[in-house]
Amino acid sequence: MSSEISSAATQDGAVDVSGLENWQTRADWLRAEINRHSHAYYVLDNPTIPDAEYDKLFRELVALEQAHPDLLTADSPTQRVGGKPLPQFEQVRHAVPMLSLNNGFDDEDIDNFDRRVREGLADIAEAEYSTELKFDGLAISLRYENGLLTQAATRGDGVTGENVTANIRTVKAIPLRLHGSAHPAVLDVRGEVLMFKADFAKLNARQRDAGQKEFANPRNAAAGSLRQLDPRITAQRTLRFFAYGIGVLEGASLPPTHSALLDWYAELGLPVCRERAVVKGASGLLGFFRDIGQRRKSLPYEIDGVVYKVNRLDQQQALGFVSRAPRFAIAHKFPAEEAMTVVQDIGVQVGRTGAITPVARLAPVSVGGVTVTNATLHNEDEVRRKDIQIGDTVIVRRAGDVIPEVVSYVPELRPADVRPFVMPALCPICSSPIVKPEDEAVARCSGGWVKCPAQRKGGLLHFVSRRAMDIEGLGDQLVDQLVEKQVITTAADLYKLGLTALSELDRMAAKSAQNVVNAIEKSKSTTLARFIYALGIRHVGEATAKELAAHFGSLDRLLQASEAELLEVADIGPVVAASIRSFLDDPLNQELIAQLRAAGIHWAENAVGENKPRPLLGKTFVLTGTLPTLTRDEAAAMIESAGGKVAGSVSKKTSYVVAGEEAGNKLAKAQDLGVPILDEDGLKRLLETQ
DNA sequence: AGGCCTCGAGTTCC
DNA sequence: CTCGAGGCCT
């Protein structure tokens with residue numbers, strides 16, 4: 001690219017070129033350059049020059065056209081930035097209606113679709129399909145006359161849509177003039193306008209900074225942007241477009257297949273998604289579905305499924321339509337990750353620390369393939385912030401991995417008789433008063449484990465959990481019964497449990513009772529860190545328990561430690577030190593610890609392995625994704641035995657990130673911060689060489 | 001005092 | 001995973 005010419009010429013009239021002809025040449029050249037670069041950037045996703053260079057070319061063209069208005073053309077890239085706001089959108093009737101597709105949700109639906117297609121085509125043995133993505137955006141129709149974009153309309157009800165030409169002109173992914181020289185007299189391109197995830201995140205960050213309302217998802221953001229009456233606002237939002245269908249065509253003949261149509265679109269400079277294929281039979285369709293399903297998260301845009309179309313257009317025509325949907329195409333949808341449902345009640349749960357958590361009881365609804373009936377509302381502040389009340393219709397999402405989350409309520413659907421959530425004054429389990437310190441977010445039951453069975457259960461479950469004493473077979477159900485029937489009250493009672501006592505419980509046959517007894521016996525041999533963690537001291541989690549074990553080396557030294565001595569331990573400050581001391585000073589807890597030791601729980605004291613080399617001392621690791629042969633715990637143990645630390649989140653203090661399959665945000669953040677990334681082999685080599 | 005970094009705790013469903 | 005809060009560094 002000739003940056004020399006452009007930089008010389010941008011110095012506002014500094015170039016001495018006489019005569020309109022030269023200006024004309026210059027303007028044509030600028031338009032071609034700008035179109036070429038923006039095509040590379042927005043359509044091919046492959047930038048050719050830095051943004052600053054692009055802006056320079058653009059500004060020069062604007063200046064040139066302002067100085068010489070007769071040079072201005074309708075398809076000039078400068079004409080994308082729209083003019084005045086519209087009073088409202090004009091209605092447009094689609095010459096060929098924009099139909100919707102039938103949906104399929106499981107393999108059987110797709111098998112049936114394939115069978116009906118073959119039957120409809122005189123029982124052919126195997127049908128050929130073009131497969132593509134179902135974007136989560138807005139369907140749109142673009143009318144090109146002799147290669148020039150003349151009108152853009154939303155889908156609307158399929159027959160009549162809204163004229164959004166001014167806004168669409170600001171979408172850089174959409175060519176104002178088709179490439180090549182031979183253009184049909186009329187071409188009606190059907191496709192989807194959408195917003196990429198990254199652009200959505202940037203937009204929401206801007207909205208937040210400006211104190212404006214954030215958008216719930218990229219689809220809403222795209223819809224909101226396209227329906228702006230002021231095109232200048234649309235111009236500031238980065239919208240994208242993918243072409244996938246056709247309406248009217250005059251002055252050219254249709255290609256023989258759908259895939260050839262898309263290839264032709266690409267030649268015309270229209271963006272066509274790369275994630276498409278031509279496959280045969282139902283098995284080919286399902287193969288494409290699974291492939292895309294696996295890569296869904298890593299795609300730069302959101303999709304809600306895939307679309308299958310019979311590839312040959314003559315076969316499409318032969319199959320025709322049923323009522324308002326084509327027989328030759330189907331959308332294979334992923335289970336919805338967001339759904340609407342009704343809050344039937346807001347109850348509370350009592351955790352092991354007595355924390356009272358409001359929980360929305362929902363009318364059962366399928367979200368992301370599972371039926372959700374409960375969703376946490378975290379705490380009272382959260383309920384108030386989101387203003388969720390009993391009777392509201394709410395949007396439920398499966399955030400991150402699995403945990404359902406109430407996103408918001410739907411104001412339009414709020415009935416007159418909604419009731420607000422009221423934090424109860426007394427614990428629903430033990431009727432002790434509920435207290436909430438002024439400066440804290442969580443309310444707590446004041447009963448403690450002595451009075452409150454819920455806290456007793458929580459404490460026991462924590463004690464037996466995998467990272468604590470690791471007693472297998474002692475789950476929710478069993479602990480529930482043991483506490484309810486008052487077979488046990490403390491963890492120490494577990495070690496007095498006999499086969500006969502266990503066998504008397506529901507759903508406890510001889511075999512499983514024996515398993516539990518064995519597991520309890522096995523747990524007697526443990527480590528000091530696990531034991532400290534299992535006690536469930538407030539503010540003492542796994543990491544702090546390890547620190548305490550390493551620092552004091554023996555339980556007796558810990559029991560005798562003063563608050564001041566506790567403060568010397570890394571990561572322990574006044575709050576945690578006071579919490580530990582007060583736990584240890586409680587006679588009930590002293591009794592508990594004595595009983596547990598008497599029951600035979602033991603560990604190798606002082607086995608800190610002082611002679612072992614600790615090559616990774618001072619290094620912090622973060623694990624993400626699934627490693628090929630090691631489990632997360634095994635990898636963590638290897639790192640820790642070499643003196644390294646394993647942390648949960650990536651920061652600039654992280655020495656290495658160990659990444660496996662399906663690594664998530666942490667990997668991206670590590671790349672961002674320039675933290676070295678290891679795979680499993682890399683980690684092993686590091687452990688060997690040092 | 002303020003801001004980052006970690007840790008702790010709670011959570012859903014099958 | 002996400003929020004809240006404790007600890008520590010600047």
Side-chain angles (χ1 to χ4, degrees), chain A residues 297 335 337 339 341 347-362 364-383 385-386 396-407 436-445 454-455 457-459 461-463 465 467-468 475-477 529 532-548 566-580 583 620-625 632 636 645-655 662-666 669 673 675:
Chain A
K297 268 194 242 160
E337 290 189 340
T341 187
V348 297
Q349 277 180 349
V350 185
R352 107 177 129 87
T353 63
I356 307 285
T357 312
V359 183
R361 312 282 178 211
L362 306 167
V365 63
S366 172
V367 188
V370 299
T371 306
V372 171
T373 50
N374 293 310
T376 177
L377 294 169
H378 297 113
N379 57 54
E380 216 178 344
D381 291 345
E382 175 99 353
V383 180
R385 191 162 55 235
K386 290 186 174 170
V396 179
R397 177 200 302 165
R398 280 185 83 199
D401 233 6
V402 277
I403 298 169
E405 168 195 25
V406 177
V407 183
K436 179 167 172 272
E438 194 66 46
D439 52 347
E440 280 178 30
V442 282
R444 298 194 132 85
C445 162
Q455 291 179 58
K457 285 177 202 167
L461 281 170
H462 172 77
F463 185 86
S465 68
R467 317 193 84 93
D476 229 5
Q477 291 296 314
I532 296 170
Y533 174 59
L535 293 174
I537 304 168
R538 270 248 265 162
H539 299 123
V540 178
E542 220 186 340
T544 312
K546 278 180 190 166
E547 285 292 346
L548 286 168
L566 286 165
L567 281 169
E568 287 168 20
V569 183
D571 298 329
I572 290 184
V575 177
V576 180
S579 165
I580 297 170
F583 181 95
T620 306
F621 291 72
V622 173
L623 304 170
T624 179
R632 238 181 156 62
K645 257 186 83 171
V646 178
S649 57
V650 182
S651 72
K652 56 189 175 209
K653 288 186 184 168
T654 310
S655 319
E662 295 211 31
N665 284 342
K666 292 180 198 171
K669 186 151 185 216
L673 293 171
V675 173

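Each chain gets a letter, A, B and so on, in the order its sequence line appears, and its residues count up from 1. As the structure is a computational prediction, the values presented were derived from the model and not from experiment.
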Rounded off to whole Å, could you give me the [atom1]-to-[atom2] distance for the [X] and [N] pair?
{"X": "A:L548", "N": "C:dG6", "atom1": "CG", "atom2": "C1'", "value": "15 Å"}
{"X": "A:E440", "N": "C:dG4", "atom1": "CD", "atom2": "P", "value": "12 Å"}
{"X": "A:R467", "N": "B:dG8", "atom1": "CZ", "atom2": "P", "value": "11 Å"}
{"X": "A:F583", "N": "B:dG8", "atom1": "CZ", "atom2": "C1'", "value": "16 Å"}
{"X": "A:D476", "N": "B:dG10", "atom1": "CG", "atom2": "C1'", "value": "14 Å"}
{"X": "A:Q349", "N": "B:dT11", "atom1": "CD", "atom2": "P", "value": "5 Å"}
{"X": "A:L535", "N": "B:dG8", "atom1": "CG", "atom2": "C1'", "value": "16 Å"}
{"X": "A:R397", "N": "C:dC1", "atom1": "CZ", "atom2": "P", "value": "14 Å"}

Smallest separation among heavy atoms of [X] and [Y], with atom names:
{"X": "A:T353", "Y": "A:Q455", "answer": "C-OE1, 3.9 Å"}
{"X": "A:H378", "Y": "A:P358", "answer": "O-CD, 3.6 Å"}
{"X": "A:K645", "Y": "A:D571", "answer": "NZ-OD2, 4.0 Å"}

Can a side chain N or O of [X] be found less than 4.0 Å away from OP1 or OP2 on [N]?
{"X": "A:T371", "N": "B:dC13", "result": "no"}
{"X": "A:K645", "N": "B:dC7", "result": "yes"}
{"X": "A:K652", "N": "B:dC4", "result": "no"}
{"X": "A:T373", "N": "B:dC13", "result": "yes"}
{"X": "A:R538", "N": "B:dG8", "result": "no"}
{"X": "A:T357", "N": "B:dT11", "result": "yes"}
{"X": "A:N374", "N": "B:dT11", "result": "no"}
{"X": "A:S651", "N": "B:dC4", "result": "no"}

So what does A:V372 touch, heavy atoms closer than 4.0 Å: a base, only the sugar-phosphate, or nothing?
-> sugar-phosphate

Heavy atoms under 4.0 Å, any strand shown: does A:H539 hit a base, just sugar-phosphate, or nothing?
->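 Answer is sugar-phosphate: A:H539 comes under 4.0 Å of backbone atoms only.
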
Of A:V383, A:L377, A:V372, the one forming a side-chain contact (heavy atoms from CB on, under 4.5 Å) with A:V406 is A:L377

Are A:E382 and A:K386 within salt-bridge range, i.e. N to O under 4.0 Å?
->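 A salt bridge links A:E382 with A:K386.
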
Quick one: which of [options] gets closest to the side chain of [X]?
{"X": "A:A355", "options": "B:dT11, B:dC7, B:dG10", "result": "B:dG10"}
{"X": "A:T353", "options": "B:dG8, B:dG10, C:dA5", "result": "B:dG10"}
{"X": "A:V576", "options": "C:dG7, C:dA5, B:dT12", "result": "C:dG7"}

Supply the atom-to-atom distance A:I537 CD1 to A:I532 CD1, rounded to the nearest 0.5 angstrom.
->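 So the CD1 of A:I537 and the CD1 of A:I532 are separated by 7.0 Å.
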
